[in-house]
Asker: 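Dropping the structure in here first, questions after.
Naming convention: chains lettered A, B, ... in sequence-line order (proteins, then strands); numbering from 1 in each chain.
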There are 2 protein chains.
Amino acid sequence: MAASATREKIVSSADQLFYERGFEVTSFADVAEMVGISRGNFYYHFKTKDEILDAVIARRIKDRDEMLGRWIDGDQTPKQSVASFIRILEMNNKKIRSSGCPVGTLFSELAKLNHPGRPAARGLFDLFRVWLRRRFEEMGRHRDADALAMHILARSQGAATLANAYPDEPFLETEVAQMLAWLDAVADQQDQTQQDT
Amino acid sequence: MAASATREKIVSSADQLFYERGFEVTSFADVAEMVGISRGNFYYHFKTKDEILDAVIARRIKDRDEMLGRWIDGDQTPKQSVASFIRILEMNNKKIRSSGCPVGTLFSELAKLNHPGRPAARGLFDLFRVWLRRRFEEMGRHRDADALAMHILARSQGAATLANAYPDEPFLETEVAQMLAWLDAVADQQDQTQQDT
DNA sequence: GTGATTCTAGGTCATTTGTCCTAATTTTGG
DNA sequence: CCAAAATTAGGACAAATGACCTAGAATCAC
């Protein structure tokens, strides 16, 4: 098989295992078994475990970046774009209930491990943060765009954590509705400000 | 030394290490070294690693339960009590920035490990949830007390996660202020409701 | 004080881990 | 079709892990 195809399989399998079981707990053998290759072959593609982590993070960033790009394509208003972000929680409902947020839980683990990959993992947060900030700026919220972005990021994280803790309750749906209501209020405030000036 | 004293030292050291480094990553040797006893002695007090985890969770529950109890002692209003809860984030500012929330990160890890201690760890969430629910009920919010409790729990979790990701920014302070403002609004709504009836 | 109980130290054991090596196999270029 | 390059398999290795055992030291009851 072409090396690039095997490499891609390794990274996608590692991505899934890191998410479902955690980075430290997932071994070379686990990933190799899931891909269906030998541990020796594995080493041909990745010299160290940290290299796989880098590749997984890069893959997640690329994936999310493309997703965010799709949400500003076409004629969507900034508010509609932010609403799409909020609905990630619903979209990934099942996964979040069983494993939490892929961004938040990975960072938490790397923080505890004092792992050198921490800044790269923070890059995932930055991606969403900057994208959200831009949307709020487009809504006219130049002064507090970053604070609004951080606020909604935090609420998403909290919702994911509690949905993970209480997977049998319809908490995620309730929280998404409240966040969308919050978004409505923010957009209305913006309208008022425009009327004032 | 009395067995109970050694045991207590083990549990408190394990508590700290599980919080700062994670449960799975912390070894018997790590805890024993921190306590200053031999690994063999360790086994006299705890047969398995899961037993230590149970003891750590029980310790955290006891600790938080006493803390919550102090916050309803005396003549504090329910609103003041909830405000005390919100200010945990400020109180543990430093620790949260470096290791996140002790409740949320432990549960996340156990969830990924599919660890049998998961329900016990959820008990920590339950403790706060029920306590907060009671406070909102005392504020007259009988209908949505649980939803309000879950909401503020989620926001605390989210704030802790982002503060961990961005430890150099004054995010926690901002978020606490917003949560206190939210609490004001909730209390006001309650006052209005009382006026209506 | 002495015998019994509680506590501690240090070691063993099989298993798993990340890392690394080498030989075989597959694919590719001319 | 064949040599060179790319890819793979399988094993070796030291270190670390959770679990377990036994003998000695400290403490207590009487």
Side-chain angles (χ1 to χ4, degrees), chain A residues 1-58 106 109-110 112-118 120-121, chain B residues 1-58 106 109-110 112-118 120-121:
Chain A
M1 192 192 299
S4 62
T6 305
R7 202 189 133 96
E8 167 56 23
K9 270 207 222 171
I10 291 174
V11 177
S12 76
S13 297
D15 191 346
Q16 187 181 338
L17 291 176
F18 288 178
Y19 175 43
E20 292 175 358
R21 306 184 191 172
F23 166 69
E24 186 70 19
V25 128
T26 300
S27 70
F28 274 62
D30 292 334
V31 182
E33 189 193 16
M34 184 170 180
V35 179
I37 61 174
S38 66
R39 280 154 294 150
N41 186 5
F42 202 109
Y43 187 71
Y44 176 76
H45 295 278
F46 293 97
K47 302 300 173 209
T48 70
K49 204 179 172 186
D50 291 357
E51 268 185 41
I52 314 172
L53 178 63
D54 288 342
V56 166
I57 293 176
L106 177 64
E109 184 180 0
L110 297 185
K112 284 187 195 297
L113 294 173
N114 250 324
H115 194 282
R118 212 165 23 159
Chain B
M1 191 190 304
S4 62
T6 305
R7 201 190 134 97
E8 167 55 23
K9 270 208 221 170
I10 291 175
V11 178
S12 76
S13 297
D15 191 347
Q16 187 181 337
L17 291 176
F18 289 178
Y19 175 44
E20 292 175 356
R21 306 183 191 173
F23 165 69
E24 186 69 21
V25 127
T26 300
S27 69
F28 275 62
D30 292 334
V31 182
E33 189 193 16
M34 185 170 179
V35 178
I37 61 173
S38 66
R39 280 151 294 147
N41 187 3
F42 202 109
Y43 188 70
Y44 175 78
H45 295 278
F46 294 96
K47 303 298 173 211
T48 68
K49 206 180 172 185
D50 290 357
E51 268 184 41
I52 313 170
L53 177 63
D54 288 343
V56 166
I57 293 177
L106 177 64
E109 184 179 1
L110 297 185
K112 284 188 197 294
L113 294 173
N114 250 324
H115 194 281
R118 214 165 22 159

Asker: Taking only nitrogen or oxygen atoms into account, show me every contact under 3.5 Å that the protein makes with nucleotides 11-14 of chain C, one pair per line with its distance.
Answerer:
none

Asker: Between atom NZ of Lys49(A) and atom OG1 of Thr26(A), what is the distance when rounded to the nearest 0.5 Å?
Answerer: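 Answer for the NZ-OG1 pair, Lys49(A) versus Thr26(A), is 6.5 Å.
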Asker: Check side-chain hydrogen bond (donor to acceptor under 3.5 Å, both in side chains) between Glu24(B) and all other residues, then give those that pass, not counting sequence neighbours.
Answerer: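 Result, side-chain hydrogen bond (donor to acceptor under 3.5 Å, both in side chains) vs Glu24(B): none returned.
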Asker: For Glu33(B), check side-chain hydrogen bond (donor to acceptor under 3.5 Å, both in side chains) against everything at least two apart and list the hits.
Answerer: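 So Glu33(B) forms no side-chain hydrogen bond (donor to acceptor under 3.5 Å, both in side chains) with any residue.
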Asker: Go through the structure and list residues passing side-chain hydrogen bond (donor to acceptor under 3.5 Å, both in side chains) with Glu8(A), not counting sequence neighbours.
Answerer: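 Checked Glu8(A) against side-chain hydrogen bond (donor to acceptor under 3.5 Å, both in side chains); matches are Arg59(A).
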Asker: Expressed in angstrom and rounded to an integer, what is the separation of Tyr43(A) atom OH from dA12(D) atom P?
Answerer: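 Taking OH of Tyr43(A) and P of dA12(D), I get 18 Å after rounding.
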Asker: Counting only non-hydrogen atoms, which of residues 26-37 of chain B are less than 4.0 Å from DNA chain D?
Answerer: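 DNA chain D contact set from residues 26-37 of chain B: Thr26(B), Ser27(B), Phe28(B).
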Asker: Please enumerate all residues that pass salt bridge (charged side-chain N to carboxylate O under 4.0 Å, His left out) together with Asp54(B), with sequence neighbours excluded.
Answerer: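 Testing Asp54(B) for salt bridge (charged side-chain N to carboxylate O under 4.0 Å, His left out), a comparison that skips the adjacent residues, returns none.
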Asker: Calculate, to the nearest 0.5 Å, the distance between atoms CD1 and CD1 belonging to Ile52(A) and Ile57(A) respectively.
Answerer: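 Here the rounded value is 12.0 Å.
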Asker: Can a side chain N or O of Asn41(B) be found less than 4.0 Å away from OP1 or OP2 on dC7(C)?
Answerer: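 So the side-chain polar atoms of Asn41(B) never come under 4.0 Å of the phosphate oxygens OP1 or OP2 of dC7(C).
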Asker: Could you list the residues that satisfy side-chain hydrogen bond (donor to acceptor under 3.5 Å, both in side chains) with Glu51(B), not counting sequence neighbours?
Answerer: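 By the side-chain hydrogen bond (donor to acceptor under 3.5 Å, both in side chains) rule, Glu51(B) matches no residue at all.
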Asker: How many angstroms lie between atom CG of Asp50(A) and atom CZ of Phe23(A), to the nearest 0.5 angstrom?
Answerer: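 It comes to 5.0 Å.
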Asker: Please list, by residue number, the residues of residues 10-18 of chain A whose heavy atoms come closer than 4.0 Å to an atom of DNA chain C; answer none if no residue qualifies.
Answerer: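 DNA chain C contact set from residues 10-18 of chain A: none.
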Asker: Is there a residue in residues 44-58 of chain A whose heavy atoms reach under 4.0 Å of DNA chain D, and which residues are they?
Answerer: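 Only Tyr44(A), His45(A) qualify.
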Asker: Partners of Ala29(A) by side chain to side chain contact (heavy atoms under 4.5 Å, CB included), sequence neighbours excluded?
Answerer: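 Ala29(A): side chain to side chain contact (heavy atoms under 4.5 Å, CB included) contacts with Ser27(A), Arg39(A).
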Asker: Give, for atom CG of Leu106(A) and atom CZ of Phe18(A), the distance between the pair rounded to the nearest 0.5 Å.
Answerer: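 So the CG of Leu106(A) and the CZ of Phe18(A) are separated by 8.5 Å.
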Asker: Rounded to the nearest 0.5 Å, how far does CD1 of Ile10(B) lie from CD1 of Ile37(B)?
Answerer: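 Atom-to-atom, Ile37(B):CD1 and Ile10(B):CD1 are 4.0 Å apart.
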Asker: Does Arg21(A) have any salt bridge (charged side-chain N to carboxylate O under 4.0 Å, His left out) partners at least two apart in sequence or in another chain, and if so, which?
Answerer: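 With neighbours one apart ignored, the set is Asp30(A).
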Asker: For Phe42(A), what residues pass the ring pair (Phe, Tyr, Trp, His ring centres under 6.0 Å) criterion, not counting sequence neighbours?
Answerer: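 Per chain and number, Phe42(A) pairs via ring pair (Phe, Tyr, Trp, His ring centres under 6.0 Å) with Phe28(A).
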Asker: Grab the CZ-C1' distance between Arg21(A) and dT17(C) for me, whole Å please.
Answerer: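 My rounded result for the distance is 15 Å.
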